[in-house]
Structures are given as C-alpha cells and as structure tokens.
Protein chains: 2
Amino acid sequence: MAGWLAHSVVLDPQGGSDPCSTCVARPLSVCNAIGDADLARLAAVAVVTEAPAGRTFIREGESADCFFNVTAGSAKLFKLLPDGRRQITGFVGIGHFLGLAVSDVYAFSAEAMEPVRYCRFSRARLRGLLDDFPLMEKRLLEVAANELVAAQEQMLLLGRKTARERLASFLLLQSSQGLPCGTSRDRFTLPMSRGDIADYLGLTIETVSRTLTRLRGEGLIELVSQSALAVLDPRGLERLAGGLS
Amino acid sequence: MAGWLAHSVVLDPQGGSDPCSTCVARPLSVCNAIGDADLARLAAVAVVTEAPAGRTFIREGESADCFFNVTAGSAKLFKLLPDGRRQITGFVGIGHFLGLAVSDVYAFSAEAMEPVRYCRFSRARLRGLLDDFPLMEKRLLEVAANELVAAQEQMLLLGRKTARERLASFLLLQSSQGLPCGTSRDRFTLPMSRGDIADYLGLTIETVSRTLTRLRGEGLIELVSQSALAVLDPRGLERLAGGLS
DNA sequence: CGGTCACTTGATCGTCTTCAATACCAGTGG
DNA sequence: CCACTGGTATTGAAGACGATCAAGTGACCG
C-alpha cells in the first residue's frame with residue numbers, strides 16, 4: 001500500500017512510457033473507443049492522479065475544469081445541503097467516467113472510499129480529442145444514457161419505495177455488480193458503510209440496520225459479517241424490490 | 001383544436017413540403033445541430049405524430065424502437081410499481097428529446113398532458129444520421145449531461161428534503177422555466193395537477209395541498225387559482241428550497 | 001486493558017400518509 | 001336560475017413508518 005500518499009498526487013508518467021496502453025481500466029471505460037495506434041494522443045492529455053481513502057477529490061460547486069476517469073479503487077458521489085444532509089447519488093468503480101456536467105461547476109462531490117487512481121483530462125483538451133474520435137463521443141453518450149436510466153430507477157426508489165423495498169433493491173444491485181466474496185455465488189461484500197448506504201437510499205443508519213436485521217429474520221439474507229452478506233432468497237428479494245410484498 | 005384525434009396519428013407530410021425547415025421546435029432542440037442544407041435528410045427519417053391529452057405514447061418495458069422529439073405540447077415521464085405507485089421523473093416540453101436509453105426497452109412511460117406533437121425516429125435511421133452529423137451527437141451528449149445533473153438534484157430532493165423544501169424547490173423551478181401568466185413576472189400557471197406534483201415530489205396529493213396552503217399562510221406564495229400561482233417572496237422560497245429554514 | 005469507532009437495539013417522537021368528509025368548479029339539463 | 005353531477009382540491013382526524021435520541025454491543029488496536 002506504499003505509494004498512496006496523504007494528498008492527491010500526480011504520478012510521474014515514467015519518462016516515455018505510455019500509461020494508457022497498459023491501463024487495466026481501458027477495456028472497461030470509454031477509452032476503449034480509441035485504438036492502439038492513437039493511444040499516445042489520449043495519454044498526452046491524461047494526467048494520472050491518486051487520492052487516498054476518504055479524500056474528496058471533486059467538490060460540488062467548484063469550477064469544473066476537468067473530467068475524470070477512474071482506473072483503480074472506488075468512490076462515492078454525493079450532494080450536500082447546507083445543514084449537512086447528504087444524498088449519495090452513486091458509487092463508482094473502475095472505468096467510470098466523471099464530470100459530464102456541461103455547466104461550469106461540478107454538480108456533485110466525489111470522495112474516495114478506497115484509494116483511488118484516476119485520469120484527469122482538462123475539458124478543453126478532451127473536447128479536442130472528442131472532435132477527432134467521434135467513436136469516443138458515441139461511447140460517452142451511451143454511458144450517459146445508461147446513467148440516466150439508473151437515475152430514473154433511483155428516483156422511483158427514493159420517491160415511492162418503502163425502507164424494506166429500498167434495501168432489497170440495493171442488495172440485489174450490489175449482488176449483481178459487486179464482486180463475489182468467498183465460496184457462495186450469492187455471497188458478497190458491501191464496500192460501503194451503513195452510513196453510506198443510508199445516504200444512498202434516503203434513510204438513516206438506524207433504519208438501514210434495523211431493516212437488514214429484519215430481512216435476516218425473514219430468511220431473505222444472511223449477515224456473514226458487518227460487511228459481508230449472502231442472499232438466501234433471491235426471488236423473494238426481487239419480489240420485495242419490485243414492490244410486490 | 002380540430003386535428004387532435006382520439007389516437008396517435010401520423011400526419012401527412014403534405015407532399016414535398018419539408019416539415020423540419022419550418023419547425024418551431026428546431027431552435028430549441030438537438031435538431032439545430034443540422035444545417036439548413038442537410039435538413040431534408042433529417043426530415044426524411046422523422047415521422048411527425050400527434051397524441052391527445054392523456055394518451056400514453058411511450059410505455060415502460062415495451063420494445064424501444066424509436067426516439068422522440070417533442071415539437072408541441074407537453075408530457076410527463078413516469079415509472080410505475082406493480083401496485084400502482086407512480087414516480088414522475090420529469091415534465092417535458094417543446095424541444096425535448098426522449099428515448100435515449102441504450103437498452104432495448106423503454107425505461108419509462110410518457111403521457112401527454114396537453115395535446116402533443118412529436119417527431120419519431122427509428123433507432124437505426126437516427127443512428128445513421130448521427131454518424132454523418134457529429135455535431136448532433138455532441139448536442140445529444142450535452143442534453144444528456146444536463147438531464148443527469150437535474151436527475152441528481154432530484155435525488156437530493158427525494159432522498160433528503162422535507163415536504164416544504166420539495167414544494168419550494170419545485171415552485172422555483174416552475175417559476176423559472178414555466179411561462180408567465182398575467183401581469184406579474186412572478187405569476188405563472190402550473191400545467192399539471194396536484195396528483196402529478198405529488199408523484200413528481202414523492203408525496204401525496206394531500207401533503208402537496210396542505211403544504212401549499214401553509215406556504216400561502218406564511219406569505220411566501222399566493223394561490224391565484226387552482227392552477228395559477230404567484231411567488232411573493234422568492235428569496236424566502238430559495239432559502240427554504242436550499243434547506244436553510 | 002481502556003479506547004475508539006461502527007453497528008445494533010430500544011423507546012419515543014414527528015412528519016407524512018391514510019382514510020374520510022367537505023368545498024369548489026365547470027358543465028348539463030331541469 | 002338553480003339543482004345535479006363528476007372531477008379535483010382542500011381540510012380534518014387518526015395512524016404508521018421512519019427519524020431521533022439514547023443506550024448497549026462488538027471488533028479492532030495501541
């Protein structure tokens with residue numbers, strides 16, 4: 001874990017080495033729209049940066065000079081009200097593109113949950129790149145469209161679902177996209193705290209905790225440890241998430 | 001109002017006339033990315049259609065064959081739960097582009113609030129058009145990014161704001177983008193019913209009604225009629241919407 | 001061990017919902 | 001003109017779900 005500094009740092013591109021050509025995030029991100037031949041141009045505008053866990057590396061309201069592409073670790077995106085109330089709008093992982101806002105300020109903040117590495121692109125330079133690589137623009141549009149669909153689903157959750165239904169929806173989402181842990185296919189770890197879950201689902205920590213224990217009592221899930229969890233009854237959980245019970 | 005039929009109808013393009021060149025929605029929509037010279041190509045793939053008030057012209061879950069561009073009237077977008085709970089995810093007007101989902105089914109339904117006219121594009125044909133007009137793709141990306149920002153703001157509202165704060169936020173939004181009615185600059189009409197407002201804000205009709213009367217009692221707004229309303233204290237409403245009181 | 005921190009559990013409270021009644025408004029027909 | 005009607009909005013009273021406040025548990029660590 002050496003190398004994760006206390007503050008965001010710009011990594012030395014190591015002389016002539018091209019960080020993009022070996023990037024593990026490329027197949028997962030919009031960068032795969034740019035072929036190997038043109039990769040040097042992408043690498044030229046990308047600034048690789050790291051942030052330790054807990055660091056806020058995008059601040060809502062600040063001047064939005066850059067776009068970001070997460071290449072390692074994970075982060076949470078959120079908006080704040082003046083009195084501290086927080087709404088987490090999403091959790092992002094490897095390959096996720098950030099900062100699509102057309103406005104001149106960021107619409108949300110981003111905080112690393114585990115140490116994060118990301119590529120930073122100046123808006124102007126990325127714009128130039130997009131002009132030359134329309135395929136990348138296409139990929140960005142796809143990504144944005146997908147996020148829009150997810151956002152609408154989340155609005156339904158926040159506006160109309162009960163606490164149980166919200167947790168059920170959330171757990172199914174995590175079990176599908178979260179990485180499995182241990183033997184069972186339906187066992188996985190929640191990389192975020194109860195507080196994060198609460199702020200993502202529009203609930204309080206206590207309600208999240210209580211609801212999880214209740215779901216356990218009903219035999220729908222098993223709480224392996226504080227952060228590990230197993231889905232015992234996927235069908236039941238799906239019915240619940242869909243509002244059917 | 002003749003011409004608004006009981007079911008959606010495809011309008012006759014009136015022989016050789018090009019509907020796009022005279023379209024009032026063009027300056028407000030992504031279509032302005034295509035110059036006059038190439039407008040015929042756009043017109044060739046657009047099918048002008050109308051739907052009367054109350055008609056659902058996009059159904060969540062149905063095969064998403066087409067994109068839409070609203071050229072007259074207004075509509076509400078929503079998602080449903082099996083037991084009838086409804087979350088309205090947005091109200092759309094002239095120039096609004098619909099159906100960006102990459103998935104093969106629509107992620108939401110759309111219902112006309114007043115008689116709606118829209119252009120329908122088959123996915124395949126629009127895709128071909130986008131390949132030739134990257135500027136249009138750019139505009140679509142801008143639109144999607146803006147909607148994403150709005151969606152995040154709505155998540156904050158649904159997840160963390162009180163009923164009073166939700167109404168205050170909503171009224172400010174409407175007063176800014178809704179068309180003024182009558183003399184006062186801060187007087188405007190709400191084109192949607194209380195039920196629609198409730199389903200947009202994640203509340204019940206009763207709470208919306210009660211909260212409006214309370215805001216009136218506090219001198220923040222004036223209820224001119226059932227659908228017309230005046231903002232008396234914009235600053236106070238803004239503080240409330242921001243969570244400061 | 002004490003310490004901290006995150007999570008859990010319990011008791012009470014408040015906001016919003018639910019259920020129900022009433023008011024309002026436009027349209028129709030006596 | 002006025003009763004009648006259907007739909008929508010408002011108002012009232014009771015209830016429920018989740019929030020708040022507070023205490024207790026367990027894991028990790030110096």
Peer 1: Table please: side-chain donor-acceptor pairs of residues 231-245 of chain B below 3.5 Å, with sequence neighbours left out.
Peer 2:
from	atom 1	to	atom 2	distance (Å)
B/Asp233	OD1	B/Arg235	N	3.4
B/Asp233	OD1	B/Gly236	N	2.9

Peer 1: Please state how far atom CZ in B/Arg85 lies from atom P in C/dC16, giving the value in whole angstrom units.
Peer 2: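 My rounded result for the distance is 19 Å.
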Peer 1: Pick from B/Tyr106, B/Phe121, B/Phe97: which one makes a ring-ring contact (aromatic ring centres under 6.0 Å, His included) with B/Phe67?
Peer 2: B/Phe97
Peer 1: On the 0 to 90° scale, with breaks at 30° and 60°, tag the A/Phe57-A/Phe68 ring pair as parallel, tilted or perpendicular.
Peer 2: perpendicular
Peer 1: Rounding to a whole Å, what distance do you find between A/Lys161:NZ and D/dG18:P?
Peer 2: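 After rounding, the reported distance stands at 14 Å.
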Peer 1: Salt bridge check: are B/Asp65 and B/Arg120 linked by an N-O gap of less than 4.0 Å?
Peer 2: no
Peer 1: Check the distance between D/dG18's P and A/Ile197's CD1 and give it to me in whole angstrom.
Peer 2: 16 Å
Peer 1: Give the rounded distance in Å between these two atoms: CG of A/Leu158 and P of D/dC17.
Peer 2: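 Distance check: A/Leu158 CG to D/dC17 P gives 19 Å.
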Peer 1: Could you run down nucleotides 7-14 of chain D 5' to 3' and tag each one B, S or - for protein heavy-atom contact under 4.0 Å?
Peer 2: --SBBBB-
Peer 1: Any side-chain heavy atom of A/Pro191 sitting closer than 4.5 Å to one from A/Glu114?
Peer 2: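 Side-chain contact under 4.5 Å: no.
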Peer 1: Round to a whole Å and report the spacing from CG of B/Leu203 to P of D/dC17.
Peer 2: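 B/Leu203 atom CG is separated from D/dC17 atom P by 18 Å.
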Peer 1: Nearest whole Å is fine: how far is C/dT8 C1' from A/Arg214 CZ?
Peer 2: 17 Å
Peer 1: Between D/dA16 atom C1' and A/Glu165 atom CD, what is the distance in whole Å?
Peer 2: 15 Å
Peer 1: Would you say that A/Phe188 contacts A/Leu229 through its side chain, given a criterion of any heavy-atom pair below 4.5 Å between the two side chains?
Peer 2: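 Heavy-atom side-chain distance check passes, below 4.5 Å.
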Peer 1: Whole angstroms only, please: what is the CG-C1' distance between A/Leu201 and D/dA19?
Peer 2: 15 Å
